[in-house]
There are 2 protein chains.
Amino acid sequence: MNQILVVDDDRELRTTLVEVLEQEGLQAVMARSADDALERLQQETFDLILLDLVMPGTDGMTAIPLIRRQAPRTRIIVMTAYASVQNAVQSLQQGADDYIVKPFKIDGLMLTVRLNLQKARFCEETEAADLDKIFNGLANGLRRQTLQLLSRQGQMRFMDLVRALEIEDHTKVNFHLKTLREAGFIDQTSDKFYQLTTNGQRAATCLSYICKSLEASAQARPPIVP
Amino acid sequence: MNQILVVDDDRELRTTLVEVLEQEGLQAVMARSADDALERLQQETFDLILLDLVMPGTDGMTAIPLIRRQAPRTRIIVMTAYASVQNAVQSLQQGADDYIVKPFKIDGLMLTVRLNLQKARFCEETEAADLDKIFNGLANGLRRQTLQLLSRQGQMRFMDLVRALEIEDHTKVNFHLKTLREAGFIDQTSDKFYQLTTNGQRAATCLSYICKSLEASAQARPPIVP
DNA sequence: CTCCCCTGTGAAGTTTTCTTCACAAGGCCA
DNA sequence: TGGCCTTGTGAAGAAAACTTCACAGGGGAG
């Protein structure tokens, strides 16, 4: 059963939303403010949060990173009547997952909700199983470089890889290639070219996402003088 | 020196943009189409790409994930005259980093460009040094759980942590806590509560981002029947 | 005070991961 | 044919990571 939290200061709207969601067979509860929502998050977890941007007290935009911190895997869908491109971009940069404009049709909302629940569910399923593999694959610097090289180049031959990595002992590279192959990250074409598998691409994507998550801290830094 | 790629089918605009960027002391080159841009990416890397959405041939939206794959750490700024909230959201979900609406003022553009270069630079700096630490920290399931717990709870006492993790041998938890402490991910308050440091929060954020990067594959799945 | 829980340390042992070395089959070129 | 490059394999050893065990100080409850 999917737990949904509806956060809106408009009593009528949040009540309606909960009713609609429950009619669709989803479990929903409500919060009247961002602070209220954050307090609820202390006690229980939700699969998805419908978050109004404009609210008295802590506003929605400010709440996004706070929620994200508290519940890293909860989908956050921002709702607002005062939509703008800038606003939408900022919401997503803050960590929201989706953005819908009020007033919305029930069908549109439900489509968005279902899509996001689906993504959340997929995430949960793959997580436990794959995460260990992925981290093991990415735990080694040489393997990370290899994945990135292959991600950029598409496919490479063994010795080109060895030279690109600047490793003298080719058997060392061989060892890590074997590890990557056994983890299902790479395979070989019939003519011995190494390339990423779907999982390998996924792992490579992980790398770049990690980098992205490091960026957040860049905000506080002084601007670059070119 | 920062390398910037301007991708726009409007010859005049892209020429102007390059001139402006160069006046500001940045190095810029241009591409007249997404395919042109992708070809260039084969040979060289860029710190930032200014990408028009509406172009003949491969359109910008389609190009975003292709560019992202080729150059995971290049900042992608989408420019478009046909701006809409939906469009902006989709761009960012595809992997763009920012979104600006045409026509724009030079000052606004430069601000966006500088901000993104700054983030890119930060990313590059931290990457090599911290990535090994982060992956070592995240390589172990128990440590991942610990980081997530602390991220959610804020701070916890030792035995609460042990019980939450459902580990019988408390010294085992102790070992991993020590590892996390030495990696600079957690510290202790004066009254022995464990909590995440800034780096720890960063690492915890990484975890959720990794999950996000796994989601992309969820698109192809059948919808949920509740 | 005594008992028990919390919080921890350090050493010994085990397992996993990584590196290095010895060796070899196949292809290509002179 | 001989020599050299590519692309491996497998074993042995080294290093790192992880687990387990023995022990211990402090604090609170009875």
Side-chain angles (χ1 to χ4, degrees), chain A residues 128-150 153-197 200 203, chain B residues 128-150 153-197 200 203:
Chain A
D130 295 356
L131 228 48
D132 269 323
K133 238 192 223 170
I134 288 185
F135 277 108
N136 184 35
L138 298 180
N140 180 283
L142 207 50
R143 288 202 291 269
R144 284 202 297 278
Q145 281 181 265
T146 305
L147 286 178
Q148 289 181 336
L149 265 172
L150 287 175
Q153 305 289 340
Q155 49 175 228
M156 291 178 81
R157 235 170 315 186
F158 177 68
M159 281 311 287
D160 292 337
L161 210 43
V162 172
R163 277 187 280 266
L165 293 167
E166 297 177 5
I167 305 287
E168 339 68 59
D169 184 0
H170 73 278
T171 66
K172 181 169 167 180
V173 177
N174 222 300
F175 167 81
H176 290 288
L177 284 176
K178 196 200 274 185
T179 308
L180 286 172
R181 204 184 321 141
E182 282 166 1
F185 287 165
I186 60 173
D187 58 9
Q188 273 177 297
T189 61
S190 53
D191 48 351
K192 304 234 172 188
F193 275 83
Y194 284 96
Q195 62 186 9
L196 294 182
T197 60
Chain B
D130 296 355
L131 228 48
D132 270 321
K133 241 191 221 169
I134 288 186
F135 276 107
N136 184 36
L138 297 179
N140 181 281
L142 206 50
R143 286 201 293 269
R144 284 203 297 277
Q145 282 180 266
T146 306
L147 287 178
Q148 289 180 338
L149 265 172
L150 287 176
Q153 306 289 341
Q155 50 175 226
M156 291 179 81
R157 235 170 316 183
F158 177 67
M159 281 313 286
D160 292 337
L161 210 42
V162 172
R163 277 187 280 267
L165 293 167
E166 297 176 8
I167 305 287
E168 338 69 59
D169 184 0
H170 73 277
T171 65
K172 180 168 167 180
V173 178
N174 223 300
F175 168 80
H176 290 288
L177 284 177
K178 196 200 274 184
T179 308
L180 285 172
R181 204 182 323 139
E182 283 166 0
F185 287 165
I186 62 174
D187 57 10
Q188 273 178 297
T189 62
S190 53
D191 48 352
K192 303 236 174 189
F193 275 83
Y194 284 95
Q195 63 186 10
L196 294 183
T197 61

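All chains are named by letter (A, B, ...) in the order of the sequence lines, taking the proteins before the strands, and each is independently numbered beginning at 1.
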Check your understanding: Roughly, in whole Å, what's the span from CZ in B:Phe175 to P in D:dA17?
Key -> 8 Å
Review point. Under 4.0 Å between a side-chain N/O of A:Arg143 and OP1 or OP2 of C:dC18, yes or no?
Key: yes
Practice item. Taking the side chain as every heavy atom from C-beta outward, state whether A:Ile186 and A:Thr146 have any pair of such atoms under 4.5 Å apart. Key: no
**Study point:** Value in whole Å for how far the P atom of C:dT17 lies from CZ of B:Phe135
**Key:** 16 Å
Hey, what are the protein-to-nucleotides 8-12 of chain D N/O distances that come in under 3.5 Å?
residue: D:dG8; atom: OP2; partner: A:Gln188; partner atom: NE2; Å: 2.7
residue: D:dG8; atom: OP2; partner: A:Tyr194; partner atom: OH; Å: 3.0
residue: D:dG8; atom: N7; partner: A:His170; partner atom: NE2; Å: 3.1
residue: D:dG8; atom: O6; partner: A:His170; partner atom: NE2; Å: 3.2

Exercise for review: Report the distance from atom CD1 of A:Ile167 to atom C1' of C:dC21, rounded to the nearest whole Å.
Suggested key: 17 Å
Check your understanding: side chain to side chain contact (heavy atoms under 4.5 Å, CB included) with B:Asn140: which residues, sequence neighbours excluded?
Key -> B:Leu142, B:Arg143, B:His176
Point to revise | Minimum-distance pair of heavy atoms, taken over all atoms of A:Leu147 and A:Ala203 | key: CD1-CB, 4.2 Å
Study note, to complete from the structure: Rounded to whole Å, CD of A:Glu182 lies from P of C:dC18 at a distance of 12 Å
Review point. Are the side chains of A:Val162 and A:Asn174 in touch, meaning some heavy atoms are under 4.5 Å apart?
Key: no
Exercise for review: Provide the closest heavy-atom pair for B:Leu150 versus B:Tyr194 in the form atom of the first, atom of the second, distance.
Suggested key: CD2-O, 3.5 Å
Check your understanding: In chain order, what residues pass the side chain to side chain donor-acceptor pair (under 3.5 Å) check against B:Thr197, with sequence neighbours excluded?
Key -> none
Check your understanding: Which salt bridge (charged side-chain N to carboxylate O under 4.0 Å, His left out) pairs, counting each pair once, include a residue from residues 163-184 of chain A, with sequence neighbours left out?
Key -> A:Asp160-A:Arg163
Review point. Which atom pair, heavy atoms only, marks the closest approach of A:His170 to A:Phe158?
Key: O-CZ, 3.5 Å
Check your understanding: Which letters describe nucleotides 25-30 of chain C, given B = protein heavy atom under 4.0 Å from base, S = only from sugar-phosphate, - = neither?
Key -> ------
Exercise for review: Starting from P on C:dT14, measure out to CG on B:Asp169 and report it in whole angstrom.
Suggested key: 16 Å
Exercise for review: Could you tell me the separation between the CG atom of B:Leu177 and the P atom of C:dC6, rounded to a whole number of Å?
Suggested key: 15 Å
**Study point:** d(CG, A:Asn140; P, D:dA16) in whole Å
**Key:** 13 Å
Exercise for review: Could you check how far CG of A:Asp160 sits from P of D:dT6, rounded to whole Å?
Suggested key: 8 Å
Practice item. Applying side chain to side chain donor-acceptor pair (under 3.5 Å), name anything that partners A:Gln155, two or more places apart in sequence or on another chain. Key: A:Gln195
